[in-house]
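Below: one structure, written as structure tokens.
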Amino acid sequence: MMQVSNPLLSVAHLSMRFGGLVAVDDLSFDVGRGDITALIGPNGAGKTTVFNCLTGFYKPSQGRIALSHATSAARDIDVLTTSGQRHTRDVFLLERMADFEITRTARVARTFQNIRLFSGMTVLENLIVAQHLTLMRASGVGGLLGLLGAKSYRDAERAAIARAQHWLERINLVDRADDPAGDLPYGDQRRLEIARAMCTNPILLCLDEPAAGLNPRESAQLTQLLRSIRDEDGTSILLIEHDMSVVMDISDHIIVLDYGAKIADGTPQSIRSDPKVIAAYLGVADEEEVRAVSQEISTGLAP
Amino acid sequence: MWKRCEAMTRTNLTHALQEALRTALITAGLCFPLLVLRLEQDSSNQLTLQQRWSWLVFAVIGLSVARFVGLVLQDWRARAPRAEKPIAPTRPQLARAVSIFGLIALFAFPLVVLAFLGPSGSLKWINNYGVQILIYVMLGWGLNIVVGLAGLLDLGYVAFYAVGAYAYALLSTHFGLSFWLCLPLSGLLAATWGVLLGFPVLRLRGDYLAIVTLAFGEIIRLILINWTDVTNGSAGISSIPRITFFGLPFTAADNGFAATFALEFSPIHRTIFLFYLIACLALLTNFITLRLVRLPVGRAWEALREDEIACRALGLNTTRVKLTAFALGAMFAGFAGAFFAVRQNFVNPDSFTFLESATILAIVVLGGMGSQLGVALAAVVMVGGTEILRELDFLKLIFGVNFDPAQYRMLIFGMAMVAIMIWKPRGLISTRTPSLFLKERKNIAASHVGEGRG
């Protein structure tokens, strides 16, 4: 396991069982603060299940998922765990929280493998719905301030639009702001979904196959966007991805899953040459072949 | 080239004629025993066979002409292939013009009718058409929040209407509370019931939600029938206090409305007042809904209809969003219920059957889910249409004196629904107006807008 000092997210002994099927089996990993971490693995390895556990869509059968906003000692997490509480001011046990709370208070946002935009709403509205909570607070008790058109609410709405516009500029969609989201081409929809997740002001952004179905040019735009999110917004990224060129290009840290268990964990360089990873991807099970493959690597056939 | 085209048309015409002829024969064969022969008892209790050939002739001519026209149209359409155009969204300006015209027509309606038909002649028009339609407009707008905006299929909406009506009936007869005090109370009680029902039920989705709300509607009705100590059972509650003009009763007495304003007493005054009252209530519903749609609450409803899972991923508490929609929809039904009770002076459980829920839902679906203007138009068509059937006396000239068009209400209603579903599957006005915009407000075509799954 790669040593991550002061991790943002720390997953320990996570298991998810559906009846007799073990989708995730005793998985532990850390996500570094300010890193782009990739979760890779063959189809059916349990990557999306891990995401669903992280974001509260599934209640894990077992394990702890701890998120700490500020630098906090491992002891703080242990104290919270035994206290039976769900979260303190900046330590959150995600497995105890409901899905909407995880976005709202723990500030973990996500996108979906099959794009889930509000296709009948405009691009701008999609970004405004993501700022629901701020606007809801501004609209006062029972929405009364908003209903009466109070200045404080109008200011909040203007700020929300400005924030949406900022993200539209970053994903190059200002001109399409007033078009229905369902009308956008596929690549734009992917980027819009990321921008929408970013409008919730997350500390950790979970992306489920953001490059799926993109052409090389769109992939390049995507990596640029993800880098800028990490560097300019200070949001850490955890992503599932099959496109190895994207993964190797932008990741600071890669975790490899196969059959629900972790088989490798390290920097892109170490993963690239890990015989177990290559075996899992090429579908090689035999120990001897694994050895053969690793020999091939050491003799310099692989990059 | 041209000749070939013409030749093709001729063969197609012949084909259409043949088809029409075949339709005529089949109709004649099928309908002869059904339409022509009729047994009736005469005054001496003997059965006589009556023959109604005119019915058969109309059926045969009607169906064969329809078949012929249909085939020709089909042919003509196939000949001129037009580019597949997406349904153009209605322009916001047009909708605005229609709304303003409708508003003026609404407020002028009773006065114009009164001026032309006089106090006794206009009563029917203001009461049966005006007030009746407006009640359904209001109920449609209320249900539109739940079904059209939040995408939750509610088949028991009439339960909240009943709660409102009985709330006013009971509070006014037992405690002597005035209408103006009972109106907000009725709305509040209905909203409370909306929340009470919502808590256990809103975790269900789609068909399951529909079934449970349907059952809830029936439960309320059965309670009203069986809890005789409070509701007086099927006999209902009568002599509910009538509406007053802010304290002035609409009577011929010296302290009545007519005497106070030096008018000649006429029952039409109360009806006109009721008309403006329900018009204001309906417009209040509309105003609040239109405002809410532009606020985070309303946007959350629509987002919920589009994709519930995405809503949760964005930090929206979907249970709370659904409850606000349910409670608000119920509240407007409660207001309408209180109005219903004060208008009728009498309530009984028969007014709150499933058919009412179905009618209101049909209005929302026919109007185009989520469209306020569409729902209003649909209410006019559905309620006004069924009322107008009573006026079609000239049909008796064709179908005989025993023909009562009002009896075919449901049949026509059904055919209209089928026709709408074929030609306008997303309702009369199916485009959605965005809640806010950056540069230009562009309406969104129905094909993008979700229908909700529960």
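Just so we're on the same page: letters track the sequence lines, and every chain starts at 1. Not measured: the values here are computed from a predicted model. Side chains included, hydrogens not; waters and symmetry mates left out as well; all remaining heavy atoms used.
- Atom-to-atom distance recorded for B:Thr318:OG1 and A:Asp99:CG is 7.0 Å, nearest 0.5 angstrom.
- Between the NE2 atom of B:His448 and the CE atom of A:Met121 there is a distance of 14.5 Å, given to the nearest 0.5 Å.
- Options A:Arg110, A:Gln165, A:Gln131 differ in how many heavy-atom pairs under 4.5 Å they form with chain B, and the most are formed by A:Gln165.
- Nearest heavy atom pair, residue B:Arg432 against residue A:Thr122, reads NH1-N, 4.4 Å.
- Nearest heavy-atom pair across B:Ala310 and A:Phe112 is CA-CE1, 4.3 Å.
- Of the atoms belonging to A:Leu168, it is side-chain heavy atoms, and not backbone ones, that fall under 4.5 Å from chain B.
- Considering only residues two or more places apart in sequence or on other chains, A:Tyr153 meets the ring pair (Phe, Tyr, Trp, His ring centres under 6.0 Å) condition with none of them.
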Margin query: Using the rule given for side chain to side chain contact (heavy atoms under 4.5 Å, CB included), can you reason through B:Ile309 versus A:Phe57, listing the C-alpha separation, both sets of side-chain angles and the distance that settles it, and then say yes or no?
Written below: CA-CA 9 Å; B:Ile309 290 179; A:Phe57 282 83; 3.5 Å; yes
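- Remark: A:Tyr186 OH is packed, more than 12 non-hydrogen atoms of other residues, nucleotides or ligands lying under 6.0 Å away.
- Both the backbone and the side chain of A:Leu135 come within contact range of chain B, with heavy atoms under 4.5 Å apart.
- Ranked by heavy-atom pairs shorter than 4.5 Å toward chain A, the options B:Arg291, B:Arg312, B:Arg299, B:Arg294 are led by B:Arg312.
- Of the atoms belonging to A:Glu101, not a single heavy atom falls under 4.5 Å from chain B.
- Options A:Asp178, A:Thr105, A:Thr103 differ in how many heavy-atom pairs under 4.5 Å they form with chain B, and the most are formed by A:Asp178.
- The parts of A:Ala130 that come within reach of chain B are both its backbone and its side chain, each placing non-hydrogen atoms under 4.5 angstrom from that chain.
- A 4.5 Å side-chain heavy-atom check between B:Asn317 and A:Arg104 finds at least one atom pair inside the cut-off.
- Under the 4.5 Å side-chain criterion, counting only non-hydrogen atoms from C-beta, B:Phe437 is not in contact with A:Glu125.
- Looking at A:Val174, the atoms closer than 4.5 Å to chain B (heavy atoms on both sides) sit in the backbone and in the side chain alike.
- The shortest distance between side-chain heavy atoms of B:Cys311 and A:Phe118 falls below 4.5 Å.
- Here the CZ atom belonging to B:Arg320 is positioned 8.0 Å from the CE atom belonging to A:Met136, to the nearest 0.5 angstrom.
- For chain B, the option among A:Ile102, A:Val123, A:Ile128 with the highest count of heavy-atom pairs below 4.5 Å is A:Ile128.
- Taking each heavy atom of B:Ala300 and A:His132 in turn, the nearest pair found is CB-CE1, 3.5 Å.
- Nearest heavy-atom pair across A:Gly120 and B:Glu306 is N-OE1, 2.9 Å.
- Only the side chain of A:Glu157 comes within less than 4.5 Å of a heavy atom in chain B; its backbone stays farther off.
- Proximity to chain B (any heavy atom under 4.5 Å) is restricted, for A:Thr200, to the side chain, taken from C-beta onward.
- Between A:Asp179 atom CG and B:Glu440 atom CD the span is 9.0 Å, to the nearest 0.5 Å.
- For A:Lys151, the NZ atom sits in a loose shell: 12 or fewer heavy atoms of surrounding residues, nucleotides or ligands are nearer than 6.0 Å.
- Between B:Asp307 and A:Arg116 there is a salt bridge, since a side-chain N of the basic residue sits under 4.0 Å from a carboxylate O of the acidic one.
- For the set B:Thr324, B:Leu316, B:Val449, B:Ile288, the entry with the most heavy-atom pairs within less than 4.5 Å of chain A is B:Leu316.
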